[in-house]
Amino acid sequence: MTQDTGRTTHFGFETIAEDEKAGRVHGVFTNVASKYDVMNDAMSLGIHRLWKDAMLDWLAPRPGQRLLDVAGGTGDIAFRFLARAPEAHATVCDMTEGMLVAGRQRAEAENLSDRLDWVVGDAMALPFEDGSFDTYTISFGIRNVTRIPDALAEAHRVLRPGGRLMVLEFSQLPNPLMQKAYDLYSFNVIPPMGQAIAGDRDSYQYLVESIRQFPDQDRFAGMIVDAGFANVKYRNLSFGIAALHSGWKI
Ligand SMILES: C[S@@+](CC[C@H](N)C(=O)[O-])C[C@H]1O[C@@H](n2cnc3c(N)ncnc32)[C@H](O)[C@@H]1O
């Protein structure tokens, strides 16, 4: 049951009631969970792996750190973090249980279960104590969240003073010609690919539309500053198809 607040938001290019969005997003990721990892490689020609490695390069995890990976899905960021930081622990939090189930199977196969927790939860109301993590990551998750400022405020709350936020998200290409070529690829190739591989065109149509709706690099950096983070910086990946944003809680 949803509560009608009268506020609206985007679901891809559709305008919907704010209170409907989480249910629709949950539906998308429940549908794609079992094919999520395969589709990521197919859609990006494997490039998402390089972007995730770039995130970990900038993050530079240290031994013993506690990571919270929100919208962590099947655990791509958490696995990379643990591989680079001995004695570290990762908590993967996601609102779609199906995604976490796929991730937990990977953890068991890689004998990492004792260094990982899998928690169902919403980025806008995290089920964790104040100041309980050294690092907060969110990778290709934040554009799906209904109220991004609420998620950033929660990130700030659960980090300890001195803790770090890092966001990996699709972004905007600064050059209109490149943007046009990229749009041609994303709108014409990705939904049919979703149909062919995952039997689900609509979820992948949502995916490409949601990318276009997300704020550009500078606007998103401003939202991170507004949430109270300091020393906020970003780096473009693949000319701005994606971007990394970093901020510190001081
Ligand atoms: C595109 S997947 C990203 C998964 C993983 N982080 C990665 O980079 O491969 C987006 C994930 O965000 C989750 N998600 C969307 N909105 C959320 C919210 N409000 N709170 C928690 N998770 C959310 C979805 O369930 C989905 O698993």
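Atoms within a ligand are numbered from 1 in the order they appear, just like the ligands themselves. Quantities reported herein were computed from a predicted structural model and do not represent experimental measurements.
- Salt bridge status for Asp183 with Arg212: present, with a side-chain N to carboxylate O gap under 4.0 Å.
- Listed by chain and number, Val25, Phe29, Tyr36, Asn40, Lys52, Ala71, Gly72, Gly73, Asp94, Met95, Thr96, Met99, Gly121, Asp122, Ala123, Ser139, Phe140, Asn144, Val145 each place a non-hydrogen atom less than 4.0 angstrom from ligand 1.
- Taking the six-membered ring for Trp and thresholds of 30 and 60 degrees, Phe128 and Phe133 have ring planes more than 60 degrees apart, a perpendicular arrangement.
- Residue Phe13 qualifies as enclosed at atom CZ: its count of foreign heavy atoms under 6.0 Å is above 12.
- Counting all heavy atoms, side chain and backbone alike, Asp134 lies closest to Arg66 at OD2-N, 2.6 Å.
- Less than 6.0 angstrom separates the ring centroid of Phe214 from the ring centroid of Phe220.
- Across Lys52, Arg106, Arg49, a single residue satisfies salt bridge (Lys or Arg N to Asp or Glu O under 4.0 Å) together with Asp37, and that is Arg106.
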